[in-house]
Amino acid sequence: MATVRTRFAPSPTGYLHIGGAWTAFFNWLHSRNQGGTFILRIEDTDRSRSTEEYEAAILEDFRWLGITWDEGPDIGGPVGPYRQTERGHLYARYAQELVKRGAAYPCYCTPEELDAERRRAEAERRPYRYSGRCRTLDADQRAAFDAEGRKPSLRLRVRNLTEPIVVDDAVRGRVVFEPEHLDDYIIVRSDGTPLYNFANVVDDHLMRVTLIIRASEHLSNTPKQFVMYQALGWTPPAVAHLPVILGADRKKLSKRHGDTAVREYRAQGYLPEAILNFFALMAWHPEAEREVYELDELIREFRLDAIGRASPIFDLDKLTWLNAVHMRRAIERDLDRVVTLCAGILHRAGLLPETLSDNQRRYLGDVIKVVGDRLRIGRDILDYADFFFRDVAFEPEAAAKHLTAASAPLLAAYADALAGVEPFERSAIEAALRRVCAEAGVDARALVHPARVALTGKTAGPGLFELTELLGRERAVARLHNAVEYVRRAAV
RNA sequence: GGCCCCAUCGUCUAGGGGACCAGGACGCGGCCCUCUCAAGGCCGAAACGGGGGUUCGAAUCCCCCUGGGGCCA
């Protein structure tokens, strides 16, 4: 049996989005599961919207996700080039071939003429199909049009089909398309550029793709493409149409739904292994009743025929939860990686320089350990640990509740106690706090909460004593005094 | 409008004629733990869209309806 060859073929007209990445991931998973080859092809025939920057960004996002390709525009391969704009000669060759076989013909209809046809069909309330009036033009008539300066497009002959087109889809099962709904469609524009349904077929065949896994929005394109395979005498690859990922409003996930670009998730500090884990749970699920997986488990367990047919809704909460799980693992297994992740986020927030000294990295590592489970995504570092990197700014409600005339003397006493704590580490700090409270005859809570607000500006966050140790004696004492001063000034 | 696809808790899903008064997870609520917030533990509310068949028996098979989605125009 021939080895499996799958592909993903993005248009570089924007950043890699969730839907595309998910589709690519299933292609990749399947090829890895089967020991096959995964191809990346750039569909940049739409020159007005395609840019090199987007292409580079898409490649970069795939690398970040850990989705690697065996053949592609940057590394080449045996059936390249892998960029459609570099394959013009191939499309020209097969367009000619189709004409020679009588399977395609030039169409001289202008947009206005076609529009008129369409409106007539609409007025008569029948479904519009191209009339096919150019399919019978003889050489003289064509020459006349040419002499007029008309530039023909190229259409594929599909109207005379009598047999239904049967698509045996690996996830959808057998789908039958009746020939009377099929139309002669344009494969090459009058300016000579190939259309999607044409370039796609030529590329998939020439690149020896054995299985096309793509979104089901392409399902209706499939019969058209099958006609072309037939016309060229080619065997079509197997197809598998994935459902479409929907937003919360049940419409196809798009920019309207907020963040859809993979790099936006990267910027917020999502982990690629969490995103991939999450991807594996949409329209598919490994056999066990478990949700957290490592990549190698997913590769091992992936089964194309277990893919669901219903459209999943993108659930950000679940992604974030999964990210938290993987984040905990990452902190445990590779703290340095999380340090790098958070350093970037803190830098972009203006709290750290771009490059850190070894000491700064070590300190950030300690901060991350203290924040611990609270770090669901990288960005959370800003909510839970900003005060390690900037002066405190009291949250108004927090200050109103805890920085009061009642707590000020306790804070002052605690500042004095901390000044003498030796060594300055968590258990000694805790003992000092409890001693201050005992002497004042109050419950520890009466000082714990005000102290937290004094040191961090907030009511929620890491353990008070760990955080204090990490802040260091000097900053802790100064912040306590500052809070006392704040109360005094507020009283005036 | 035409064609095609889809349908189990709010969400992701398990289930494929009896194992199902439907299992897991996210989210939500409660309790425990606790210096706060998380994490963790325990408990809870929460679904087979409707109607017809087939069958001794249907979430599971068939048909219709409804709803949703995609593509084309």
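Note: hydrogens, waters and symmetry copies are ignored here, and every other heavy atom, side chains too, is used. Sequence lines set the chain letters: A, B, ... in the order given, protein chains first and strands last, and positions in each chain run from 1. Computed from a prediction, not measured in an experiment: that's the story for all the values here.
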May I ask you to evaluate whether A:R434 reaches the phosphate of B:rC35, defined as a side-chain N or O under 4.0 Å from OP1 or OP2? yes
Ignoring backbone atoms, test whether A:R452 places a side-chain nitrogen or oxygen under 4.0 Å from the OP1 or OP2 oxygen of B:rU36. no
Pairwise C1' distance, B:rG16 and B:rG70 [rounded to whole Å]: 26 Å
With respect to the side chain of A:V448, which nucleotide from B:rC35, B:rU13, B:rC4 is positioned closest? B:rC35
So, is A:R328 close to the B:rG40 phosphate, meaning a side-chain N or O under 4.0 Å from OP1 or OP2? yes
Looking only at B:rA25, B:rA7, B:rG70, the nucleotide nearest the A:E217 side chain is B:rG70
Between A:Y196 and A:H218, how do the two ring planes meet: parallel, tilted or perpendicular, split at 30° and 60°? parallel
Could you measure between the two P atoms, the one in B:rC42 and the one in B:rA47, and give it in whole Å? 23 Å
How far, in whole Å, is B:rG69 from B:rC31 if one measures between their P atoms? 40 Å
Side chain of A:H285 only, heavy atoms from C-beta on: which candidate in B:rC71, B:rU36, B:rU13 is closest? B:rU13
Where the side chain of A:R118 is defined as all heavy atoms beyond and including C-beta, which of B:rC35, B:rA73, B:rC12 is the nearest nucleotide? B:rA73
Among B:rC4, B:rC6, B:rG24, which nucleotide sits nearest the side chain of A:R172? B:rC6
Reckon A:P462 touches a base, only the sugar-phosphate, or nothing at all at heavy-atom distances under 4.0 Å? base
Which atom names give the shortest non-hydrogen contact between A:V487 and A:A408, and what distance separates them? CG1-CB, 3.9 Å
Start at the 5' end of RNA chain B and walk down; is the nucleotide closest to A:V176 or to A:E291 reached first? A:V176
What contact category does A:A444 fall into here, base, sugar-phosphate, or nothing, at under 4.0 angstrom with non-hydrogen atoms? nothing
Between atom CD in A:E466 and atom C1' in B:rA38, what is the gap in whole Å? 13 Å
Is the shortest heavy-atom distance from the side chain of A:K458 to the side chain of A:R452 under 4.5 Å? no
From the set B:rC5, B:rA73, B:rU36, return the single nucleotide nearest to any side-chain atom of A:V175. B:rC5
B:rG70 C1' sits how many Å from A:I245 CD1, rounded? 14 Å
C1' atoms of B:rG50 and B:rU8, separation to the nearest Å: 15 Å
Pick the C1' atom in B:rC12 and in B:rC28, then give their distance to the nearest Å. 16 Å
How many whole angstroms separate atom CZ of A:F314 from atom P of B:rU11? 16 Å
Walk me through it: do A:Y265 and A:N323 pass the test side chain to side chain donor-acceptor pair (under 3.5 Å)? CA-CA 11 Å; A:Y265 289 88; A:N323 203 77; over 6 Å; no
Look at the rings of A:H205 and A:W234 and say which category their plane angle falls in: under 30° parallel, 30 to 60° tilted, over 60° perpendicular. parallel
Closest to side chain of A:E289, choosing from B:rU13, B:rG23, B:rG69: B:rG23
With P as the reference atom in both, quote the distance from B:rC65 to B:rG2 in angstrom, rounded to an integer. 13 Å
Can you measure A:H181 atom NE2 to B:rC5 atom C1' for me and round it to whole angstrom units? 15 Å
Result for 5'-nearest mapping on RNA chain B, choosing between A:A306 and A:L464, is A:A306
Nearest-angstrom distance, P atom, B:rG10 to B:rU66: 23 Å
Using Watson-Crick or G-U wobble geometry with both distances below 3.5 Å, tell me the partner of B:rU55, or none. none
Scan A:G463 against the nucleic acid and name what it touches under 4.0 Å (heavy atoms): base, sugar-phosphate only, or nothing. base
Report the nucleotide, chosen from B:rC6, B:rA38, B:rU13, that has the shortest atom-to-atom distance to any side-chain atom of A:R309. B:rC6
Among the candidates B:rG70, B:rC35, B:rC12, find the nucleotide nearest to the side-chain atoms of A:P312. B:rC12
Which nucleotide in the set B:rC35, B:rG24, B:rC5 lies at the smallest distance from any side-chain heavy atom of A:L219? B:rC5
Name the nucleic acid region contacted by A:D315, choosing base, sugar-phosphate or nothing; use a 4.0 angstrom heavy-atom cut-off, strictly under. base
May I have the distance from A:F177 (atom CZ) to B:rC72 (atom P), rounded to whole angstrom? 13 Å
When the distance from CG of A:L322 to P of B:rA25 is rounded to whole Å, what number comes out? 13 Å
With a 3.5 Å cut-off and no angle check, do the side chains of A:E43 and A:T45 form a donor-acceptor pair? no
Without decimals, in angstroms, what is the distance between A:R374 CZ and B:rG40 C1'? 13 Å
Whole angstrom is fine here: how far is it from NZ in A:K318 over to C1' in B:rC26? 5 Å
Assign the ring pair A:W22 / A:F26 to parallel, tilted or perpendicular, where the plane angle (0 to 90°) is split at 30° and 60°. tilted
Think A:K252 has a side-chain N or O under 4.0 angstrom from the OP1 or OP2 of B:rC71? yes
Please report the distance separating the P of B:rC33 from the corresponding atom of B:rA45, rounded so that it comes out in whole Å. 23 Å
Determine whether the aromatic ring centres of A:F314 and A:F278 lie less than 6.0 Å apart. yes
